[in-house]
Amino acid sequence: MTRYLLRRLAGAALVLLALSVLVYALFYVLPGDPARLACGERCNPAQIAQVRAQLGLEEGAFTQYLHFLQGIVAGRSYSTGTELVRCDAPCLGLSYQTDQQVTALILERLPATASLALGALVVWLLVGVGTGLLSALRRGGPTERILTAVTLAGTPVFILGLLLLMLVCAHLQWLPFPTYVPLGEDPEQWAWNMLLPWLTLGLFESAKYARLTRSSVLETLAEDHIRTFRAYGAAERTLVTRHALRGAVPPVLAVSAVDLGSMFGGALLTESLFGIPGLGRTLIEGVRRIDLPVVVGVTLVMGVFVVLAGVLADLLHAAADRRVVLA
């Protein structure tokens, strides 16, 4: 397991390095002149040249990328025109609009995204795995057909969120329209205001887990050793809890880890719909303002979460099924 972990971490490090090259080239090299974007359309050539010097854009693209990596690993200093600002590692640059450190901005917005992702994880595991298991156990009956039709239909997350808002908040008036409240300020209000976002994202993802659980359980129940246990009179409940669910656990854990990493990178539509100040909404704001350091920083953080989630998924799969390590 140790060698397997080291191999996966080495592969993840190479992927992250390649990701940093791609993201930097995509946003800093290809668009043209970042100094003009940072300065604004009304700047004259002298002002643009001054901004270019402050940002270190007069050097070659490769040297600029090395300075960018240096900032991530060891930190670097930036000139704001009037003073020299030290940006400690991991430094992702300064916002063009506010001169705020991008790392500090991301850390400020990360708790909102984390609370959304973790709450949705609980919903999609409970609903998805439960629905998939029930569908597999009722195979061939009307319950299985109804559940299969529901999970295959699928509803876009934006439409599902709007439907929940109109039904729960406007029509039934069970809850007020959500307004994000930080967990540290008021845990009870935080939970009530996050309930609809959790349900929206969790129900949207649960359809995938219902299909995955159903197929895994049916595949396990069709194996030869399960038929042998049945022939010897083993109880159906024992077969399901000890064998069928055990076969469904590895793929569900692996996919959940990857999806959780993606959610930590920011659920763009859900955060925008419910006004959650998370990483997804920060990315949208950065794109709208053409704030390249914010866009690059959030994109890299999203990539880091996805890559690390892939490593976690492999480790969970290996822990649940030792054949993965030996392969």
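Numbering of residues begins at 1 and proceeds along the displayed sequence.
What you find for Tyr180 and Met194 is that their closest heavy atoms are CD1-SD, 3.8 Å. Between Ala112 and Pro277, the shortest heavy-atom distance links the atoms CB-O, 3.6 Å. Taking each heavy atom of Leu196 and Pro178 in turn, the nearest pair found is CD1-CG, 4.0 Å. Heavy atoms only, all atoms of each residue included: Ala12 and Val307 are closest at CB-CG1, 3.7 Å. Of all non-hydrogen atoms in Thr179 and Asn193, the two that sit nearest each other are N-OD1, 2.8 Å. Contact between Leu19 and Gly303 at its shortest, heavy atoms only, is CD2-CA, 3.5 Å.
Phe68 and Leu14 fall into different hydrophobic clusters, defined by Ile, Leu, Val, Met, Phe, Trp and Tyr side-chain heavy atoms under 4.5 Å apart, directly or through other members. Under a hydrophobic-cluster definition in which Ile, Leu, Val, Met, Phe, Trp and Tyr are linked whenever side-chain heavy atoms come within less than 4.5 Å, directly or via other members, Leu253 and Val122 are assigned to different clusters. When hydrophobic clusters are built by joining Ile, Leu, Val, Met, Phe, Trp and Tyr residues whose side-chain heavy atoms come closer than 4.5 Å, directly or via intermediates, Leu162 is grouped together with Leu199. Follow the hydrophobic side-chain contacts under 4.5 Å out from Leu273 and you reach Leu195 in the same cluster. Neither Leu118 nor Val306 shares a network with the other; the hydrophobic side chains, linked directly or stepwise wherever heavy atoms of I, L, V, M, F, W or Y lie under 4.5 Å apart, form separate groups for each.
Side-chain N/O atoms of Tyr209 and Thr131 include no donor and acceptor closer than 3.5 Å.
Among residue pairs with one or both ends in residues 90-140, those qualifying as disulfide bond (SG atoms under 2.5 Å apart) are Cys87-Cys91; sequence neighbours excluded. Applying the salt bridge (charged side-chain N to carboxylate O under 4.0 Å, His left out) test to every pair with at least one member in residues 101-116, sequence neighbours left out, gives these pairs: Arg109-Glu285.
The shortest side-chain heavy-atom distance between Leu312 and Leu260 does not fall under the 4.5 Å cut-off. Looking only at side-chain heavy atoms (C-beta outward), Lys208 and Glu205 come within less than 4.5 Å of each other. Contact check for Val296 versus Tyr24: no side-chain heavy atoms found under the 4.5 Å cut-off. Considering only heavy atoms from C-beta on, Leu283 comes within 4.5 Å of Met302 through its side chain. Here the side chains of Val85 and Asp99 are not in contact, with every heavy-atom distance at 4.5 Å or above. Using a 4.5 Å cut-off on side-chain heavy atoms (C-beta onward), Met263 and Leu121 make no contact. The shortest side-chain heavy-atom distance between Leu201 and Leu160 does not fall under the 4.5 Å cut-off. Considering only heavy atoms from C-beta on, Trp124 comes within 4.5 Å of Ser256 through its side chain.
Crowding of Trp192 atom CH2: a count of heavy atoms from other residues, nucleotides or ligands under 6.0 Å not exceeding 12.
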Check your understanding: Can you list the steps and then say if Ser20 with Leu300 is a side-chain contact (heavy atoms from CB on, under 4.5 Å)?
Key -> CA-CA 7 Å; Ser20 68; Leu300 280 178; 4.3 Å; yes
Point to revise | Evaluation steps, side-chain contact (heavy atoms from CB on, under 4.5 Å), between Val252 and Leu125 | key: CA-CA 9 Å; Val252 168; Leu125 286 180; 3.9 Å; yes
Exercise for review: Apply side-chain contact (heavy atoms from CB on, under 4.5 Å) to Val301 and Phe305, showing your working.
Suggested key: CA-CA 6 Å; Val301 169; Phe305 278 124; 3.4 Å; yes
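In this structure, the side chain of Glu271 engages the main chain of Gly280 through a donor-acceptor pair within 3.5 Å. In this structure, Trp174 contributes its side chain and Leu167 its backbone to no donor-acceptor pair below 3.5 Å.
Rounding to the nearest 0.5 Å places OG of Ser135 at 7.5 Å from CG of Leu218. Here Thr200 contributes atom OG1 and Phe274 contributes atom CZ; the two are 3.5 Å apart, rounded to the nearest 0.5 Å. Interatomic distance, Thr213 OG1 to Leu134 CG, rounded to the nearest 0.5 Å: 11.5 Å. Remark: Arg76 CZ to Gln70 CD distance equals 7.0 Å, nearest 0.5 Å. In this structure, Ser77 OG and Leu94 CG are separated by 10.0 Å, a value rounded to the nearest 0.5 Å. The CD1 atom of Ile284 lies 7.5 Å from the CG atom of Leu269; values are rounded to the nearest 0.5 Å.
For the pairing with Val298, the side chain to side chain contact (heavy atoms under 4.5 Å, CB included) check across Leu92, Ile106, Val287 returns one residue only, Ile106.
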